[in-house]
Amino acid sequence: ILNSNQLLNYVWIRKSSNVTTMSAWAINSYGGIENLYLSSSGCMSAIRSPDQLLIKVHAASINPIDVRMIGGYGRVLINVLRKQSGSVTSGTEFPLTVGRDFSGTVVEVGGNVSKYKVGDEVWGAIGANKPGTHAKFVVASQSEISKKPANISHIEAASIPYVAATTWAALCTVGELKEKNATGKRLLILGGSGGIGTFSIQLAKAWGMHVTVTSSTDAIDLVTSLGADTVIDYKTKKLWNELKLHEKFDYILDTVGGEYTDKSLAFLSPWKSAHLVTLVTPLLKNCDDFGTVPGLFKAALSAGVDTFKGLTSGRSVRWAIFTPNGSALDRVKQMVETEQIKPVVQETFPFSKVREGFKKVSEGHLRGKIVIDVL
Ligand code: NDP
């Protein structure tokens with residue numbers, strides 16, 4: 001039995017069946033970058049819910065998660081989410097298009113979309129269960145997007161939404177950092193020169209924090225130019241000895257993982273509301289290796305162990321994952337328009353050369369973002 005709202009939604013979906021067949025970079029099986037192929041007509045994009053929009057993609061970025069997803073990373077849990085959300089109806093996730101963020105123009109709006117209209121220039125980052133943005137069109141929910149900043153190009157804009165939403169999830173949602181209480185707080189960013197690092201330095205500086213970052217020698221100028229107060233060159237100095245020379249931190253943002261998560265904990269202020277938030281968690285891999293329920297259970301145990309390690313020394317260790325967040329992008333838009341945050345694009349690849357962009361991201365040690373010019 002449908003209530004009146006659900007009935008209206010149902011009627012709206014039945015009426016609007018504008019399915020767009022489009023070209024998109026896709027895979028038909030998991031494997032290496034060579035599995036990516038440009039499908040000229042096999043991929044379809046259509047609004048399936050009245051809170052969604054169809055967007056013509058002008059540019060999209062490539063993130064480490066995209067490279068891992070074509071190798072099958074996260075497939076078990078993401079497939080559960082795909083089935084739950086109805087984004088897979090054929091019984092298989094293939095052809096699978098990756099890409100999580102975009103900048104583009106609205107070409108169609110669902111019946112419940114009030115904030116946007118056809119022709120609006122928007123940017124956004126969508127959930128991993130949805131068909132991706134390395135495509136001519138993408139469908140997004142209105143809660144996943146925001147108006148694009150007016151002062152930057154689509155290429156520049158596409159470099160920001162995924163890293164912005166991830167940083168917001170880590171520092172603000174999980175780390176409980178708020179703009180109004182950030183001034184003067186000390187933040188350590190492990191991995192300052194990549195996508196997350198270059199964005200989070202700028203966000204933290206705009207909010208008046210003192211920012212220390214780890215960096216390779218060749219990226220020192222970049223992270224300094226973005227506002228980092230202290231840069232520790234982990235290639236030429238012993239990082240853990242070097243950190244002993246500095247005051248302890250109120251927040252640590254870990255984008256490296258492994259021994260970095262464990263060893264950096266000692267540099268967090270004890271017995272204060274200080275948080276180490278790591279973005280490198282075994283959640284998706286555990287589900288891939290052991291199945292959904294045992295994988296979630298194993299991940300919960302590991303999270304418990306991390307929490308316990310922190311608590312015994314009066315510190316807090318938390319895990320964060322990317323979450324689509326249109327309202328955070330609204331705030332970031334203002335910060336871009338007032339030039340508190342600038343896009344950091346390392347290299348742009350044309351749509352025909354997406355595989356080369358993936359290769360670049362897979363080699364790591366990025367200096368900002370790799371962007372695809374989709375138009
Ligand atoms: P990038 O590839 O853009 O940047 C990675 C950074 O890590 C580089 O700047 C590199 O700097 C640094 N780095 C690599 N190895 C080391 C090392 N051994 N010691 C110190 N620094 C190192 O990735 P992103 O910034 O986009 O993402 C970073 C990580 O965050 C991802 O790999 C992923 O694991 C995680 N992530 C998790 C998400 C989640 O939902 N949980 C979402 C997004 C990202 P240098 O060249 O100076 O070594």
Side-chain angles (χ1 to χ4, degrees), residues 61-69 71 73-74 77-78 81 98-101 125-129 158-171 173-175 188-203 212-224 226 228 231-240 242-243 252-264 277-287 299 302-303 306 318-325 343-347 357-371:
S61 85
I62 307 175
N63 288 280
I65 181 99
D66 301 319
V67 177
R68 289 183 199 143
M69 275 178 72
Y73 173 75
L77 197 55
I78 295 171
L81 298 174
V98 294
R100 302 272 57 93
D101 54 4
I126 59 174
N129 56 328
S159 70
I160 293 177
Y162 185 76
V163 291
T166 302
T167 302
W168 205 277
L171 286 180
T173 312
V174 172
L188 168 64
I189 301 169
L190 300 169
S193 55
I196 303 281
T198 51
F199 178 84
S200 53
I201 292 171
Q202 298 187 78
L203 181 78
T212 300
V213 300
T214 65
S215 168
S216 293
T217 317
D218 72 286
I220 292 175
D221 287 349
L222 170 67
V223 294
T224 306
L226 296 172
V231 182
I232 302 176
D233 178 349
Y234 78 95
K235 294 282 190 190
T236 60
K237 293 193 175 129
K238 289 200 168 23
L239 174 61
W240 310 112
E242 198 67 21
L243 280 170
I252 298 177
L253 176 59
D254 169 27
T255 79
V256 181
E259 65 163 13
Y260 276 68
T261 319
D262 287 340
K263 286 193 172 173
S264 61
V277 183
T278 182
L279 284 166
V280 187
T281 82
L283 176 67
L284 293 177
K285 182 149 191 337
N286 281 350
C287 293
S302 307
D306 276 357
R318 296 179 175 185
W319 292 6
I321 52 168
F322 156 75
T323 317
N325 190 339
V344 184
V345 177
Q346 177 179 337
E347 197 170 346
F358 268 73
K359 188 161 177 297
K360 191 93 196 167
V361 175
S362 71
E363 288 162 1
H365 302 286
L366 297 179
R367 304 291 172 248
K369 299 285 301 183
I370 301 298
V371 178

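Atoms within each ligand, like the ligands themselves, are counted from 1 in listed order. All values below come from the heavy atoms of this structure, side chains included, with hydrogens, waters and symmetry mates left out. Because the structure is a prediction, the values reported are computed rather than measured.
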Per the side-chain hydrogen bond (donor to acceptor under 3.5 Å, both in side chains) rule, what does the pair list look like for residues 161-171, sequence neighbours excluded?
none

List for me each residue that meets side-chain contact (heavy atoms from CB on, under 4.5 Å) alongside S264, sequence neighbours excluded, and say none if there are none.
L190, W240, I252, L276

Quick check: does any side chain N or O of D101 sit under 3.5 Å from a backbone N or O of S61, one acting as donor and the other as acceptor?
yes

Protein residues near ligand 1, heavy-atom distance below 4.0 Å?
P64, R68, Y162, T166, S193, G194, G195, I196, S215, S216, Y234, T255, V256, Y260, L279, V280, A320, I321, F322, H365, L366, R367

Who are the ring pair (Phe, Tyr, Trp, His ring centres under 6.0 Å) partners of F199, not counting sequence neighbours?
none

Charged N to carboxylate O below 4.0 Å: is that the case for R367 and D218?
yes

One should read off an interatomic distance between L284 CG and L77 CG, to the nearest 0.5 angstrom, of 6.0 Å

